Amino acid sequence: MPEHALPVVAVLATGGTIAGAQADATSAGYKAGSFSVNALLAAVPQLTGIAEIRAEQVANVGSQNMTHDVWRALAERVDALCQDPSVAGIVITHGTDTLEETAYFLSLVIQHDKPVVLVGAMRPATALGAEGPANLYNAVALARHPDARGRGPLVVMNDDVHYAREIQKIASAGLCAFTSPNRGRAGVMHGGMPCFYSLNTTTHTTQSEFSLALLDKAGWPRVDIVYAYANLQADLIDFLAGVAEGIVLAGVGDGNATDLAIDALSQAVADGVAVVRASRTGSGFVARDVELDDASLGFIAARDLNPQKARILLMLGLSLTRDPASLQAIFDRY
Ligand code: SIN
């Protein structure tokens, strides 16, 4: 890099509320993914003082429509940019609804230690007090910073920095919609500088044994989530056992469900489907063999991974093994 040259940060845009437009600045209704990446960047002229930006539009969708195809395109692009020595870091703009899923997926298939930072906004770009420009500034400032290296993909929202595995959207509206409920946030952004409070404590990125190639070979195993509730019957689980290779139970409490549902899940295991027990509660730990005998039922405990991330880890785990004990070991490591 020539002396005084700014670090290069690639910004990959995928849509979301950060690129959302309303009919007027005070209305609740809006359309996610309305503005291009260049329009988002034009709203933050301060970026020219901290980085040379290379912008790309990978998708422009509300993240409720995020797909495995977009994940593949993102992972391939991030991988290529990580191998480009002229690029210091990568920012991905994303809708907030499934942002945590994309971040976690990338943390398991990107084998580089270059900073990758995902960012979104709760208010559309046209709203009064839109926070997208400040979040985007923080994301670029974080992606160019050496302290962000080697931590796997990070998420920055509302001045907080989160690890991909830990972050969770906990509110449907409002600026304080993200937290890392079990292990706490990674740090904060202050005046455009990161201050990290903790190390990432689980396997990710360069230590991850997963890859797009393995996933392709396994055909991206289908994993679905069953949400538990009072009086849950067996028929939904019986149906899923016929179409899915894995089922994640978003269970009540510590990953539990009605006897009917547990019996159906146990039958699914007998039929060759991998079953992971997670919790619908939003935080806490699902351990083995507490209320249920996982060893004899053939179930896997998600520990403190939420159901939507357990779905991703199970999909990747199934690209390596179908053995419940080996899958449990994966859940213990990641
Ligand atoms: C979306 O996830 O695309 C819509 C919601 C948001 O970005 O806040």
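What you see below is based on every heavy atom in this structure, not just the backbone, and it leaves out hydrogens, waters and symmetry mates. Remember, predicted model here, so these are calculated numbers, not experimental data. Indexing begins at 1, ligand by ligand and atom by atom, following the structure's order.
The side-chain heavy atoms of Glu209 and Tyr334, taken from C-beta on, include a pair separated by under 4.5 Å. Contact annotation: the side chain of Ser63 never approaches that of Leu99 to less than 4.5 Å [non-hydrogen atoms, C-beta and beyond].
Below 4.0 Å from some heavy atom of Tyr30 lie the following atoms of ligand 1, by number and element: 4 (C), 5 (C).
Considering backbone and side-chain N/O atoms, Thr17 comes within less than 3.5 Å of an N/O atom of ligand 1. Checked by distance only, ligand 1 and Gly62 stay at 3.5 Å or farther apart across all their nitrogen or oxygen atoms. Close N/O approach between Thr98 and ligand 1 is not found [any backbone or side-chain N/O within under 3.5 Å]. The shortest N/O to N/O separation between Ser63 and ligand 1 falls below 3.5 Å.
No option in Asp97, Thr98, Val91 other than Thr98 meets the side-chain contact (heavy atoms from CB on, under 4.5 Å) test with His94.
Without hydrogens or angle criteria, Glu131 side chain to Arg123 main chain gives a donor-acceptor distance under 3.5 Å. Proximity of a side-chain donor or acceptor of Asp289 to a complementary backbone N or O of Asp294 within less than 3.5 Å is detected.
Protein heavy atom at the shortest distance from atom 8 (O) of ligand 1 is Thr96 OG1, 2.4 Å.
Phe299 meets the ring-ring contact (aromatic ring centres under 6.0 Å, His included) test with no other residue; sequence neighbours excluded.
For Gly15, the heavy-atom gap to ligand 1 stays at 4.0 angstrom or more.
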